[in-house]
Amino acid sequence: MEHDEESTNTSGNRPFNEVLSARASRRKFMTGGLAAAAGSFILPSAASAKNKHDDDDKFQSRWDRDDDHDEDRWDRRDSSIEFEPVTVAQGNGPEPSISEDYEYQVLIPWGTPLRSGIAEYTGDPNTRPTAYEQENMIGIGHDGMHFFPLRHRGRNREGILAINHEFGGNSHILGKDSPESDDDIRLSQAAHGVSMVHIRKRRGRWTVVKDSYFNRRITPNTRVRFSGPVSGYEVIQPESEARGTVNNCASGPTPWDTYLTCEENFNGYFGDSIGAWVPTEEQARYGFSAGGFGYGWEGHSSDRRFDLAEAEISREDNRFGWVVEIDPMRPWLAPVKRTALGRFKHEQATVVVGRGKRVVVYMGDDQRFDYIYKFVSDGNWRAMRARGLSPLDHGKLYVARFNDDGTGDWLELTNEHPALAERFGYGDEGQANVLTYARIAADLLGATPMDRPEWISVAPNQDVFCTLTNNSRRDEPNAANPLAPNNDGHIIRWRDTRNHTGLTFNWDIFVFAQDTHGDGDERTFSDPDGIWIDPNGRLFIQTDGTQQKGLNNQMLVASAYDRGDSQDLDIKRLFTGVTDDEITGITVTPNQRTMFINTQHPGNGEPTATNFPAPTDGVTVPRDCTIVISRKDGGIVGS
Ligand code: FEO
Ligand code: CA
Ligand code: CA
């Protein structure tokens, strides 16, 4: 989504573009061990392609990797990308296009009931669901998701799909620009949040298991719990009940099979009901404004949670902007806000297991000139859980500084640092303030402002990739660096020392999107956003923004091991969406034969642009939906 427009970072930290401009070329970094490792990257031969009927047992969970990584073992895996790509000419209509080697199915559009007795909403422009109906059906703004197989059943044919509902404007959800009643506000709220939906494949098609014990809606009104270093402190006003999650953008699974959902542009749900609110320095840094994004939730007659005029007492503003953990297998448990991971506009939380079986969580803060973070748990995740501790409650939070010479440093956000103690106070309460105002703490430490960090994914060889979607406000063009302004975005890659747990890293640029745009270039893409690397090293890139040559937003596949120049990136287009949508969210069944992605805000909600997933009629309200992708020959998706 494009609610990330204005920078609120006035720290004056050296922008990332300047750091880039100090660098002569993409090829010179990745020093030391990483450069040596690069020599060992071997792309498997095409002869071994497809492996159509691999036994499921051969699938190895990414959590099962060795602590000290066996790179050769992973490099031997088949990472071929052989499908016939969607051409530029095919990729610009009101319907999706997919490679001729693939097929797709629409699943769980906005309005799909999760329970019997709830009528499906199919896009009739003259009606909308009631708030009660919406609380029992799939929400809008499909975004990050994860497929949790039900292990006692066919794990590739049945599971719980956890899916985020990032946002939907009132005109789309309500059919009018502003809510006119408390019921309207409740409907708008119910379309947000998260869905847990039990799905299974029968006779070749995926369907919802209605009334399943696992089906669940989590909305801005669901009771939630705070945990970790901030819980219990005044900065989140711990005495009153905490409720809800909003603007759930990307996500990440944990090794213990829970779902992390990330609160991104939470600021936009708040507004000022009395016209006298003056933002604090902290509220300004997090982008709160009197009008918000126009949801009008502050106008609820009895629920003042989203009214900034009340925030000084309720501290509701500080209760959003967190990573929230949900257990899909235990629907009776309240979602938990994991405060050790810091408060910012969380795009994604990507978990890997690092040295000593500590969990490491990589996270981006998607706003112009904001930062990349990582969290490292204090100990072995299994041992911590065995002691009743969440590995996500006990650990250190760091922010990234990218140095000119291709190295980088992880700077710890701790009030043991004098500047942070002075700003936020000492002791545990001071640290609670540091985490709640992580952006300001990162400003003080000299973190590197980035071009809107979106998704992060980790390759089998431990390289970490982050999409930097764009930054048109870069106004310092430089002959050595084509990215000012950075209209099309790029993807940065780094590798941490000590198997993700070290305090330093080496980095380079994987691709500048604009380098794929030349005349007749079929590889063109802009605004990379969603990203995922499969266990074989295939890198899936999803876009959100205006594409070249009239293309709709799209999903492409490259190799995470590519070390050529940006201009030479070997990349193929697997899928294109519909007019004015965004392609986001990506997860697969364990055997990688089924992939789930989303088209978000098709037509920006306008029936005149597209009516997808309904046939084109110019009238039906377009609905966000999940797209199930498979190879016609049953092979691994991406091959
Ligand atoms: Fe939710 Fe930055 O995309
Ligand atoms: Ca985006
Ligand atoms: Ca995004």
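Excluded from the calculations below are hydrogen atoms, water molecules and symmetry mates; all remaining heavy atoms, backbone and side chain alike, are included. Ligands are counted one by one from 1 in listed order, and the atoms in each one are counted from 1 as well.
The distance from the Ca ion (ligand 2) to the nearest N/O/S atom of Asp529 is under 3.0 Å. For the Ca ion (ligand 3), the set of nearby N, O or S atoms under 3.0 Å includes none belonging to Glu264. Backbone or side-chain N, O or S atoms of Asp544 reach the Ca ion (ligand 2) at under 3.0 Å. At least one N, O or S atom of Glu454 sits under 3.0 Å from the Ca ion (ligand 2).
The N, O or S atom of Glu454 lying closest to atom 2 (Fe) of ligand 1 is OE1. Take the N/O/S atoms of Asp366: the one nearest atom 2 (Fe) of ligand 1 is OD2. Within Glu264, the N, O or S atom lying nearest to atom 2 (Fe) of ligand 1 carries the name OE2. Restricting Glu347 to its N/O/S atoms, the shortest distance to the Ca ion (ligand 3) is reached by OE2. The name of the N, O or S atom in Glu347 nearest to atom 2 (Fe) of ligand 1 is OE1.
With respect to the salt-bridge test (charged N to carboxylate O, under 4.0 angstrom), the residues Lys337 and Glu263 qualify. Salt bridge status for Arg186 with Glu135: present, with a side-chain N to carboxylate O gap under 4.0 Å. For the pair Asp365 and Arg452, the salt-bridge criterion is not met [side-chain N within less than 4.0 Å of a carboxylate O].
Judged by distance alone, the side chain of Gln105 and the main-chain N or O of Trp206 form a donor-acceptor pair under 3.5 Å.
Under the rule for a salt bridge (charged side-chain N to carboxylate O under 4.0 Å, His left out), the partners of Arg319 that lie at least two apart in sequence or sit in another chain are Glu316. Contacts of Pro622 classified as side chain to side chain contact (heavy atoms under 4.5 Å, CB included), with partners at least two apart in sequence or in another chain: Pro602, Pro607, Thr610.
Tyr295 and Asn170 share no donor-acceptor pair across their side chains, judged by distance under 3.5 Å alone.
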